[in-house]
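We're numbering straight along the sequence, starting at 1.
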Amino acid sequence: MTKFLDWMPVAASDYAKEVDWINLMITTAAAVCIFAVTAAMLFFAWIYRRRAEREQSAYITHNYTLELLWTAIPTVVVIAVFYFGTKSYVAARTPVKNALEVQVTGYQWGWDFLYTTGKKSTNELVVPVNTPVRLVLKSRDVNHSFFVPALRLKEDVLAGAYHYLWFTATRIGEYPVFCTEYCGLSHAYMQGKLRVVSQADYASFSQIEQIHEKPVHEAGQQLFAAKGCMACHSVDGTPRVGPTLKAIFGREEKLVDGSKIVVDENYLAESLKQPNAKIAEGFPANMMPSFEGQLSEQELEALIAYLKTL
Ligand code: CUA
């Protein structure tokens, strides 16, 4: 078993170890089946071979015990595979509260990382060990895919939509990051690094050196004032022409069509670009101007970062 796992890349999280265990279980079950079935087939073909021209095979109808067994055993195995697979998949995809957030932008051909402190890095994602991390992924151009073999995690990175990944790295070290969606000429070179460091090292890494850099949400706050958002949206809970933005992020919002949505990055970005796409219940449509084409990607990101702090 350890030999088999030696073929796998290093597992840098508990989730990765779980994936390896499930992978091993499925491979073992498949190997046992293929060997047992092939061996039985060859064995019977040999001992029951036709020995004479006039030899006739016996008339066999059925065998309840055998039929029940070969139905029940595989059923149990398949249900076990489904159970463990679903359990770990759901665990990996369930939002973790108070996770450290990193904005990831894929482009032809590299990765940009933006940390909550305003710190930026390129092609190297630095995260503290034993800390839940939430990646918010998007693309500046074509489709990419963010793959960290050591975490056994992969997620598509698209333009115009946010995708997410959660993980808790449990092992300090450096691990490769690959783009696994063919994205043009230098796709093969679109490689990065995940560096898992101690909490103390992360604290010193994420400090910003340059004076002109400031936390992303502060830039967003200035933009919020500059664009006049305050005229219609309060941040203290008072209703104005538009819904208050107090505690907007993660809030369940009722829409005019009766449906409900949970406010996330995708909803905020959409509402800034196409304000009439999803109107909150109790508020008039066609009130808010569209900011489509008026905000750069960085400005959009800063605004969303600010809205999350309210
Ligand atoms: Cu980006 Cu392939």
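From Asp112, atom CG reaches atom CD of Glu124 across 12.5 Å, with rounding to the nearest 0.5 Å. Within the model, atoms OG1 of Thr116 and CD of Glu101 stand 8.0 Å from one another, a figure rounded to the nearest 0.5 Å. Taken to the nearest 0.5 Å, the OG atom of Ser88 stands 9.5 Å off from the CH2 atom of Trp21. Atom CG of Leu310 and atom NE2 of His233 lie 11.5 Å apart (nearest 0.5 Å). The distance from the NZ atom of Lys260 to the CD atom of Glu252 is 5.0 Å, given to the nearest 0.5 Å. Atoms CZ and CG, from Phe167 and Leu135 in turn, are 5.0 Å apart once rounded to the nearest 0.5 Å.
Checked by atom type, the side-chain pair Glu155/His163 shows a donor-acceptor distance below 3.5 Å.
A continuous path of ILVMFWY side-chain contacts below 4.5 Å connects Trp166 to Tyr162, so both sit in one hydrophobic cluster. Follow the hydrophobic side-chain contacts under 4.5 Å out from Tyr164 and you reach Ile261 in the same cluster. Linking ILVMFWY residues whenever their side-chain heavy atoms come closer than 4.5 Å, directly or via other members, places Tyr83 and Val81 in the same cluster. Taken together through direct or relayed side-chain contacts under 4.5 Å among Ile, Leu, Val, Met, Phe, Trp and Tyr, Phe283 and Leu272 form parts of separate hydrophobic clusters. Ile79 and Val76 fall into different hydrophobic clusters, where Ile, Leu, Val, Met, Phe, Trp and Tyr residues are linked whenever their side-chain heavy atoms come under 4.5 Å apart, directly or through other members.
Contact check for Ile172 versus Ser198: side-chain heavy atoms found under the 4.5 Å cut-off. Using a 4.5 Å cut-off on side-chain heavy atoms (C-beta onward), Leu194 and Leu151 make contact. When side chains are defined from C-beta on, Val262 does not count as touching Glu253, because their heavy atoms never get closer than 4.5 Å. Side-chain contact between Phe249 and Thr309 is absent, with no heavy atoms from C-beta onward closer than 4.5 Å. The side-chain heavy atoms of Asp14 and Lys17, taken from C-beta on, include a pair separated by under 4.5 Å. At least one side-chain heavy atom of Cys183 sits less than 4.5 Å from a side-chain heavy atom of Met190. Two residues are said to be in side-chain contact when any heavy atoms from C-beta on lie closer than 4.5 Å; Arg152 and Glu18 fail this criterion.
Atom CZ of Arg51 sits in a crowded spot, with more than 12 heavy atoms from other residues, nucleotides or ligands closer than 6.0 Å. Surrounding CG of Leu185 are at most 12 heavy atoms belonging to other residues, nucleotides or ligands under 6.0 Å away. At most 12 heavy atoms of other shown residues, nucleotides or ligands fall within 6.0 angstrom of atom CD in Gln56. More than 12 heavy atoms of other residues, nucleotides or ligands lie within 6.0 Å of CG in Leu42, so this atom counts as buried by the packing criterion.
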*Kindly determine whether Tyr115 and Ser121 satisfy side chain to side chain donor-acceptor pair (under 3.5 Å), including the steps that lead there.*
CA-CA 8 Å; Tyr115 305 82; Ser121 64; 2.9 Å; yes

_side chain to side chain donor-acceptor pair (under 3.5 Å) between Ser234 and Thr244, worked out_ = CA-CA 5 Å; Ser234 79; Thr244 180; 2.9 Å; yes

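Taking the ring axis of Phe146 as reference, the NZ or CZ atom of Lys154 does not stay both within 45° of it and closer than 6.0 Å to the ring centre.
When ring centroids are compared, His217 and Tyr306 stay outside the 6.0 Å threshold. Aromatic ring centres of Tyr64 and His62 lie closer together than 6.0 Å.
Using cut-offs of 30° and 60° on the angle between ring planes, the pair Phe147 and Phe178 is tilted.
Across all non-hydrogen atoms, the minimal contact from Ala159 to Asp141 is CB-O, 3.3 Å. The minimum heavy-atom distance linking Ala161 with Lys138 is given by the pair O-CB, 3.9 Å.
Here the rule is side-chain contact (heavy atoms from CB on, under 4.5 Å) with Thr168, and of Pro128, Pro132, Ser13 only Pro132 fits it.
In this structure Glu218 satisfies the salt bridge (Lys or Arg N to Asp or Glu O under 4.0 Å) test with no other residue, sequence neighbours excluded.
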